[in-house]
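Whatever order the structure lists ligands and atoms in, that order sets their numbers, starting from 1. Atoms considered below: every heavy atom in the structure, side chains included; atoms not considered: hydrogens, waters and symmetry mates.
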Amino acid sequence: MADRHDLVIIGGGPGGYAAALYAAAAGLDVAMVESRQVGGTCLHRGCIPAKALLETATVRRTLASAADFGFTVEEPTLDFGVSQDRSTGVIDKLHKGLSGLLGSRKVRIVAGTGVLAGPGKVAVSGGDDGDVELEGDAVILAAGSVPRTIPGFDVDGSLVLTSDEITRGKDLPASAVVIGGGAIGCEFASALADLGVEVTILEALPKILPGLDADVAKIVERSFKKRGITIHTGVQVTGHTPGGAGTTVEFGDGQSVEVEKVVVSVGRRPLSDSLGLDGSGVELDERGFVKVDERCRTTLDGVWAVGDVIPTAQLAHVAFAEAIVAVRDLLGEDPLPVEYTKVPWCIYCHPEVAFAGLSEDAAKEAGYDVVTVKHRFGGNGRALIIGEAEGLVKIIAEKQEDGTGGRILGVHMVGPWVTEQLGQGYLAVNWEATVDDVAQYLQPHPSLSENFGEAVMTLTGRGLHG
Ligand code: FAD
């Protein structure tokens, strides 16, 4: 006999657990199947450990600038094991909190691998709970993703690593190649370089961080180069030859680099093959993502899919939003779909990057007549006080007849703590606010967010400092 629930979820990462918490808060009886640990990639192998590593790098940079504030400190040495134990402590605390929250909402966690065994049916096996048959009025697939690999670079966890291994490693190499200059690759490159590792980025596309506004990308690239990161763009890696204390990575037109470790960061593949979907009626696209409509409904009635397993932005907060859309849809509440072109993006490398909405190029390509403004942190009091004046806020707005800015189309930031400053820009873009709407509101002084306020005021044609 199968155990019946209102909702059965496969996968306990951000997509799965957000769906479970939201559905339980709405009064549904929920079971969630997880083959590893609730929290998923984000908590155990992604967002949290990667940001903890970046924070260690921040502390190292702060120590390096201590003399500017009048402190004499000895050349710091790093016990990387201690830093990684700290990261594990943060993960354990969050994991305990999440498990407690799911328990308090009476979400049943079933340990094992779940497969779709027919409409509304999920068969679980291979975990501590043994073989379990579940039935749900609704099923949500939230199996997430795993790192992609490339031919010739077998991931062995010691010489060739992905984000899965590097976030849990206990030692730092002297040198590393990061294959892939996307957001995750650049976060690792930035942290490793600040911790004294000699880093080379190899990127196949013409520039690192593709998709970023060009002015923002330029500042990150300049900072990376200043901090000793070697960047080769427009190059393909062709293989590597282990030897000595590491390996020689071959790339481009006969070029090579000798390093201790290789970090492969070439994107993530959906874990749809773990779900037993062959012949189920749930269709996949050509890249293996589960096909969904704008309400996250799959091609099989009663089955939704959310998070990294569907072909949308692979971000934890996007998975949260999709989970809410799916649950509201199965409750018959007519939810608004996620507006993927306006979600917030944050990259936690140094300098940090944060944006929402269209870049200048994308706005022009979309046919908008635009006006833009750039305000640099170099003129911002708080940025100078904290000693981090590199970066800018750029706003892209529709151009009005008098040349001033109308509706705000995009807010792009690079610099100190911009990942914590994006909120106002995100709201402005999503509320379809005009520069006049936003310019009337105050920013605290002295604060980094004054830079956003100043940029908006400048677009009204009456800036104070710009
Ligand atoms: P996952 O988190 O992958 O969770 C899926 C879960 O399902 C896993 O726990 C898995 O064990 C389980 N599962 C899979 N198949 C089955 C099955 N058949 N049965 C039972 N269980 C199953 N995003 C951000 O928003 N901000 C960031 O700063 C950020 N940083 C990142 C840094 C790194 C290094 C990486 C790798 C990712 C980062 N991400 C970030 C992306 C983020 O981690 C993912 O978008 C998010 O985890 C996706 O959530 P999900 O629930 O779809 O999948």
query: Which of the listed options, Glu187, His44, Glu34, holds the heavy atom that is closest to atom 9 (O) of ligand 1?
result: Glu34
task: Check step by step if side chain to side chain donor-acceptor pair (under 3.5 Å) holds for Arg108 and His5.
output: CA-CA 9 Å; Arg108 175 182 173 197; His5 296 273; 3.0 Å; yes
task: Can you sort out which atoms of ligand 1 are near Gly15, meaning under 4.0 Å from one of its heavy atoms?
output: 50 (P), 51 (O)
task: May I ask you to decide if the ring planes of Phe251 and His232 are parallel, tilted or perpendicular, using 30° and 60° as cut-offs?
output: tilted
- prompt: Considering only heavy atoms of Gly112, which atoms of ligand 1 have at least one such atom less than 4.0 Å away?
  reply: 19 (N), 20 (C)
task: Could you find the nearest protein heavy atom to atom 1 (P) of ligand 1 and give me its residue, atom name and distance?
output: Thr41 OG1, 3.5 Å
query: Do His350 and Arg61 meet the criterion of a side-chain donor-acceptor pair at a distance under 3.5 Å?
result: yes
- line: Check: of Cys42, Gly11, Ser272, Gly46, min heavy-atom distance to atom 43 (O) of ligand 1 comes from Cys42
message: What verdict does the salt bridge (charged side-chain N to carboxylate O under 4.0 Å, His left out) test give for Glu221 and Lys225, after you've listed the backbone C-alpha separation in whole Å, the side-chain angles of each residue and the deciding distance to 0.1 Å?
response: CA-CA 6 Å; Glu221 193 163 337; Lys225 286 183 175 161; 3.2 Å; yes
- request: Without swapping roles, check the side chain of Glu339 against the backbone of Thr341 for a donor-acceptor pair under 3.5 Å.
  value: no
query: Are any of the N or O atoms of Ser274 closer than 3.5 Å to those of ligand 1?
result: yes
query: Looking only at protein heavy atoms, which one is nearest to atom 22 (C) of ligand 1, and how far off is it?
result: Ser35 OG, 3.5 Å
message: Tell me whether the count of non-hydrogen atoms from other residues, nucleotides or ligands lying under 6.0 Å of CZ in Arg36 goes above 12.
response: no
message: Give me the residue, atom name and distance of the protein heavy atom closest to atom 24 (C) of ligand 1.
response: Ala316 N, 3.5 Å
field: Side-chain H-bond candidate by donor/acceptor type, Thr419 with Glu352, under 3.5 Å
entry: yes
message: Please classify the Tyr17 to ligand 1 contact at 4.0 Å (heavy-atom distances, strictly less than): side chain, backbone, both or neither.
response: neither
message: For Glu360, is there an ion pair with Lys394 - N to carboxylate O distance below 4.0 angstrom?
response: yes
Those atoms of ligand 1 less than 4.0 Å from some heavy atom in Arg268: 36 (C)
message: Taking distance alone, with N or O pairs closer than 3.5 Å, would you say Ser163 contacts ligand 1?
response: no
field: Numbering as shown, the atoms of ligand 1 that approach Gln314 to under 4.0 Å (heavy-atom distance)
entry: 41 (C), 45 (O)
message: Heavy atoms only, cut-off 4.0 Å: how does Leu271 contact ligand 1, side chain, backbone, both, or neither?
response: side chain
message: Counting only heavy atoms closer than 4.0 Å, does ligand 1 sit against the backbone of Ile184, its side chain, both, or neither?
response: side chain
- prompt: Hey, is the main chain of Ala111 close enough, under 3.5 Å, to the side chain of Asp129 for a donor-acceptor pair?
  reply: yes
message: Check for me whether Val309 has a heavy atom closer than 4.0 Å to any atom of ligand 1.
response: no
message: For Asp308, which part has a heavy atom under 4.0 Å from ligand 1: side chain, backbone, both, or neither?
response: both
message: Using modelled atom types and a 3.5 Å cut-off, is there a donor and acceptor pairing between side-chain atoms of Thr298 and backbone atoms of Val303?
response: yes
query: Where the closest heavy atom to atom 39 (N) of ligand 1 is concerned, which of Gly39, Gly126, Cys47 has it?
result: Cys47
- request: Check each of Ala319, Gly40, Ala143, Ala183 against atom 5 (C) of ligand 1 and report the one with the nearest heavy atom.
  value: Ala143
message: List ligand 1 atoms under 4.0 Å from Ala142, heavy atoms only on the residue side.
response: 5 (C), 6 (C), 7 (O)
task: Select one of side chain, backbone, both or neither to describe which atoms of Pro49 lie under 4.0 Å from any atom of ligand 1, heavy atoms only.
output: neither
